[in-house]
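Proteins get letters first, then strands, A, B, ... in listed order; numbering begins at 1 in each. Only a predicted model underlies this, so the values are computations on that prediction, with no experimental measurement involved.
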Amino acid sequence: MAAIRQTHPLLRAAKGAALFFYLAFALFPLYWLLKISVTPDRLIYSEGTALWPKTTTLDNFRSILFQSDFLSYFANSVTVSLGTAAATTLIAAGAGYAFSRFDFRGKRIVIALMLVTQMFPLLMIIAPIYKIVAAVGLLNSLTSLIITYTAFNVPFATFLMQSFFDGIPKDLEEAAMMDGCTRFQALRKVILPLTLPGLGATLGFVFTAAWSELLFALMLISKNDAMTFPVGLLTFVSKFSVDWGQMMAAGVLALIPSCLFFIFIQRYLVQGLTSGAVKG
Amino acid sequence: MTTTHAKATSGETRAWRSAYWRWLVEPYFYIGPAVLTIVLVMLVPLTIGISYSFQSISLLKPFATSWVGFENYAALWSDAKFWRALGNTLRWTLGSLVFQFSLGLGLALLLNTTFPMKRLYQALVFLPWAVPTFLSALTWAWLFNPVIGPLPHWMAALGLLSEPYNILGDPALAMWGPIAANVWFGVPFFAITLLAALQSIPAELYEAAEIDGASAWQRFTKITLPFLAPMIAITVMLRTIWIANFADLIFVMTGGGPAASTEILSTYVFNTAFRKLDFGYASAIAVALLLLLLAYAVVLLWARRRFVKL
């Protein structure tokens, strides 16, 4: 009966307007990015602020891909983000599993440590990290970025993985262990296949976080051939500040990996949080 | 007799050993790598960072490193730029938070109703959250640029600006640029969190209230808000700390300028470390920021215990 409940037409119109407002607010900046990236250079000054240019071109993308260093920035960022995502997920899966299944001495201390790392300003450690990385000779190397980003992301990823493990009944691996598996075998053969979606979501979160990190990359990388995408783009912006079309084409390219992962994980976003809220 | 006894003992030993392994050693095998990474890459540098704030340590003067006690803090106390950055941090955090929260709450309430193509809609309005921060910053900086962006022209047409110029270059208005980008980027986060909380409110409560003749507004203020309150309190507190620390948007959009009008404490830390290479002073600012945030958290937790009975 609730379905045929009448809503006031004015109320319905207001809701429609609100829906439209949020959609426009969310998408307009991205639309603009795309629009300028396909606007031919000669039209930028005359039609920079028009809603859609008279003619479009892919020249900006072509020059970004083939006549600039962006492919190498892109490759560096992919290496760093994939390396960070893989290392973090592996470490966090272990820690999340321990939090979910064991009651051990020092558990509360470890949780407190992890919470502390989420609260203090990360910029506090930018100077010490620079000094340490310089001392071990890893400045301008992607390894240093992977190690730092992994540490930054482990606490959050651990809590995420713990919530996924909590959703899997303990009986499953206990049955396997009863049948003679060690805990590690049970984890590998029984639990791991069940938590693949969780592993995927964690990989995605960490990948996007590593993909967008800027300040530590700026500090630790100064050589052009080791630059990640954010650093490369920012350097490009400060050097060629009028090549609008090319900058925005690079921006559109930087958007692609994050959007792919987002489409993949957004399904879990509300679900995961909702189940957490119900439980907790 | 003796053999069975011996057997029993060895069985017991084995059982004891396996219990020992399972409860005293095995957990650390799983948690170890995480603890090791965090301690080595975050907590050790954090301690070193705090010690830097008591040293004179600058990359430009590599041989003049020495312990200076509270000298950096004394300099900080009389540094007008620091106090200005503190005020800017408050403006930045409060401005971003108010809009992020109210728009996020509105979006969560909308998404808690039914309408056609909701899944697609939800994916699209959450998209800004997935955009890398440096890119959000650049995109908004470009939107505010009068040559290629529409915003100055729109604001001039609405009479907000006398002529279409770049507000990022105007010390009086520049802070609104990064705030706009931050609101755009942060609304999905609040919407997701609040939506999750909304969906955990039992539907029976609304049905009962409706039967008793409660209006929509009454249902909102008497059921929805009280149920959301704990979630709102914890989210706002964590988000405040996060926003106050968040330097990327401002650094990319204005670099703290013009005339330090958008310099907040965290960009001041970064600019001092990255541009001036003065690690000692940068660490002192960072410690001050940490202490302020700690004080804020303590006050808020105290107020919550004192005034909200949950």
*Can you tell which part of A/Phe184 gets under 4.5 Å to a heavy atom of chain B, answering side chain, backbone, both or neither?*
both
*Are A/Tyr149 and A/Phe216 close enough that their ring centres sit under 6.0 Å apart?*
no
*In terms of heavy-atom proximity below 4.5 Å to chain B, should A/Phe28 be classed as side chain, backbone, both, or neither?*
side chain
*Would you find a donor on one side and an acceptor on the other, under 3.5 Å apart, between the side chain of B/Lys276 and the backbone of B/Tyr281?*
no
*Flag, side chain of A/Ser222 to backbone of A/Leu218, donor-acceptor distance under 3.5 Å*: no
*Can you tell which part of B/Ala273 gets under 4.5 Å to a heavy atom of chain A, answering side chain, backbone, both or neither?*
both
*Side chain, backbone, both or neither: which part of B/Ser53 has a heavy atom under 4.5 Å from chain A?*
neither
*Just wondering, more than 12 heavy atoms not from B/Leu291 lying within 6.0 Å of its CG?*
yes
*asked:* At a heavy-atom distance under 4.5 Å, which candidate from A/Leu123, A/Leu215, A/Leu234 has the highest pair count against chain B?
replied: A/Leu215
*Identify which part of A/Leu90 has an atom lying under 4.5 Å from any heavy atom of chain B, answering side chain, backbone, both or neither.*
neither
_Contact origin within B/Pro33 toward chain A - heavy atom pairs under 4.5 Å_ = both
*Pick one of side chain, backbone, both or neither for A/Tyr97, based on which atoms fall under 4.5 Å of a heavy atom in chain B.*
side chain
*Check each atom of B/Leu138 against the heavy atoms of chain A and say whether the ones under 4.5 Å are side chain, backbone, both or neither.*
side chain
_Contact origin within A/Ile147 toward chain B - heavy atom pairs under 4.5 Å_ = both
*Is chain A contacted by the side chain of B/Val269, its backbone, both, or neither, given a heavy-atom distance below 4.5 Å?*
side chain
_Residue selection (most heavy-atom pairs with chain A, distance under 4.5 Å) from B/Leu135, B/Thr139, B/Thr37_ = B/Leu135
_With a 4.5 angstrom heavy-atom cut-off, is it the side chain or the backbone of B/Trp154 that approaches chain A, or both, or neither?_
side chain
*Hey, which of B/Ile241, B/Leu294, B/Ile285, B/Asp248 has the most heavy atom pairs under 4.5 Å with chain A?*
B/Asp248
*asked:* Check this for me: B/Trp217, atom CH2, are more than 12 non-hydrogen atoms of other residues, nucleotides or ligands nearer than 6.0 Å?
replied: no
_Main-chain N/O of A/Ala254 paired with A/Trp211 side-chain donor or acceptor, under 3.5 Å_ = yes
_A/Gln118 CD to A/Phe152 CZ distance, which is reported to the nearest 0.5 Å_ = 11.0 Å
*So what's closer than 4.5 Å to chain B heavy atoms on A/Ala18: side chain, backbone, both or neither?*
both
_Would you say the rings of A/Phe165 and A/Phe99 are close, in the sense that their centroids are separated by under 6.0 Å?_
no
*Which residue out of A/Pro230, A/Gly96, A/Pro257, A/Ala95 racks up the most heavy-atom pairs below 4.5 Å with chain B?*
A/Pro230
*Most heavy-atom pairs under 4.5 angstrom with chain A, which of B/Thr133, B/Leu40, B/Ile48, B/Leu127?*
B/Leu127
*Between B/Leu103, B/Leu293, B/Val35, B/Thr47, which residue shows the highest count of heavy-atom pairs closer than 4.5 Å to chain A?*
B/Leu103
*Counting heavy-atom pairs under 4.5 Å to chain B, which of A/Ala151, A/Ala98, A/Pro121 comes out on top?*
A/Pro121
*Do A/Leu139 and A/Ser144 have side-chain heavy atoms sitting under 4.5 Å apart?*
no
*Residue among A/Thr208, A/Thr117, A/Thr182, A/Thr88 with most heavy-atom pairs under 4.5 Å to chain B*: A/Thr117
*B/Val287, part contacting chain A, at a heavy-atom distance under 4.5 Å*: both
*asked:* Is A/Leu255 in contact with chain B via its backbone, its side chain, both, or neither, using a 4.5 Å heavy-atom distance?
replied: both
*OH (B/Tyr121) with more than 12 external heavy atoms under 6.0 Å*: yes
*Would you check if B/Arg239 and B/Phe246 make a side-chain contact, meaning some heavy-atom pair closer than 4.5 Å?*
no
_Where A/Leu34 and A/Ser37 come nearest, the two heavy atoms and their spacing_ = O-OG, 2.7 Å
*Evaluate the side-chain proximity of A/Arg183 to B/Tyr30: yes if any heavy-atom separation is below 4.5 Å, no if none is.*
yes
*Where on A/Ile126 is there a heavy atom nearer than 4.5 Å to chain B: the side chain, the backbone, both, or neither?*
side chain
*N/O donor-acceptor pair under 3.5 Å between A/Lys107 side chain and A/Phe102 backbone*: yes
*Under 4.5 Å, counting heavy-atom pairs only, tell me which of B/Ala297, B/Ala247, B/Ser136, B/Ala286 racks up the most with chain A.*
B/Ala286
*asked:* If I compare all heavy atoms of B/Phe251 with all of B/Thr267, which pair ends up nearest, and what's the gap?
replied: N-CG2, 4.1 Å
*Please look at B/Leu111 and chain A and tell me whether the side chain, the backbone, both or neither of the residue comes under 4.5 angstrom of a heavy atom of that chain.*
neither
*asked:* Quick check on B/Phe274 against chain A: is it the side chain, the backbone, both or neither that has a heavy atom closer than 4.5 Å?
replied: both
*Please confirm whether the backbone N or O of B/Asn182 pairs with a side-chain atom of B/Gln100, one donor and one acceptor, at under 3.5 Å?*
yes
*If you count heavy-atom pairs under 4.5 Å between each of B/Leu238, B/Leu198, B/Asn145, B/Leu265 and chain A, which one has the most?*
B/Asn145
*Between B/Pro146 and chain A, which part of the residue has a heavy atom less than 4.5 Å away: side chain, backbone, both or neither?*
backbone
*Just by distance, with hydrogens left out, do A/Tyr73 and A/Thr228 show a side-chain donor and acceptor under 3.5 Å apart?*
no
_So for A/Leu33, is it side chain, backbone, both, or neither that comes closer than 4.5 Å to the heavy atoms of chain B?_
side chain
